[in-house]
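These notes are about the structure you will find just below.
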Amino acid sequence: MAQFYDWWGQKSGKIKLAVMYMWKPFRNVTKDKAPQAAILFDKFHIMPIREALDKVRKAEYARLSGKGSALIKGQK
């Protein structure tokens with residue numbers, strides 16, 4: 001990413017939106033080289049995280065009973 005911004009040069013200051021994978025070094029270099037740009041994470045990389053969270057939520061809901069499960073229900 002740093003090489004891209006170096007290659008892009010002064011035009012980096014005009015970037016309004018940067019779409020990327022959720023890797024912290026990508027965010028860091030974008031914040032450094034194009035601080036004005038909003039960052040949007042690629043949904044295809046976020047989906048596996050959401051699926052993993054759904055599995056944990058379902059397992060916890062099944063494990064808990066009564067008030068505990070009521071706290072989880074509807075919190076997606």
Side-chain angles (χ1 to χ4, degrees):
M1 288 295 288
Q3 289 175 337
F4 166 77
Y5 286 114
D6 290 342
W7 172 80
W8 200 247
Q10 293 287 334
K11 293 183 275 186
S12 297
K14 296 181 180 181
I15 296 173
K16 294 181 182 179
L17 178 66
V19 181
M20 67 185 68
Y21 177 69
M22 293 176 48
W23 198 40
K24 192 171 185 175
F26 285 174
R27 290 194 313 265
N28 290 344
V29 75
T30 299
K31 287 178 183 179
D32 181 49
K33 303 284 188 172
Q36 76 290 345
I39 295 175
L40 177 67
F41 296 120
D42 178 3
K43 75 175 186 174
F44 295 106
H45 290 100
I46 293 173
M47 293 306 291
I49 294 169
R50 285 190 63 198
E51 291 167 1
L53 287 172
D54 285 345
K55 284 182 182 180
V56 170
R57 247 186 240 106
K58 287 177 185 177
E60 286 300 298
Y61 183 79
R63 186 179 69 83
L64 297 172
S65 62
K67 288 185 179 182
S69 63
L71 290 174
I72 294 174
K73 189 170 184 165
Q75 295 300 314
K76 188 170 184 179

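Keep in mind that the numbers below use all heavy atoms, side chains included, and drop hydrogens, waters and symmetry copies.
Legend: residues meeting side-chain contact (heavy atoms from CB on, under 4.5 Å) with Gln3, ordered by chain and number and at least two apart, are absent. For Trp8, the side-chain contact (heavy atoms from CB on, under 4.5 Å) criterion is met by Phe4, Lys11, Ser12, Ile15, not counting sequence neighbours.
Both Val29 and Trp7 are assigned to one and the same hydrophobic cluster, defined by single-linkage of ILVMFWY side chains at heavy-atom distances under 4.5 Å. Residues Met20 and Met22 are members of one and the same hydrophobic cluster, defined by side-chain heavy-atom contacts under 4.5 angstrom among Ile, Leu, Val, Met, Phe, Trp and Tyr. When hydrophobic clusters are built by joining Ile, Leu, Val, Met, Phe, Trp and Tyr residues whose side-chain heavy atoms come closer than 4.5 Å, directly or via intermediates, Ile39 is grouped together with Phe26.
For residues 24-33, every residue pair satisfying the side chain to side chain donor-acceptor pair (under 3.5 Å) rule, not counting sequence neighbours, is listed here: Tyr5-Thr30, Asp6-Lys33.
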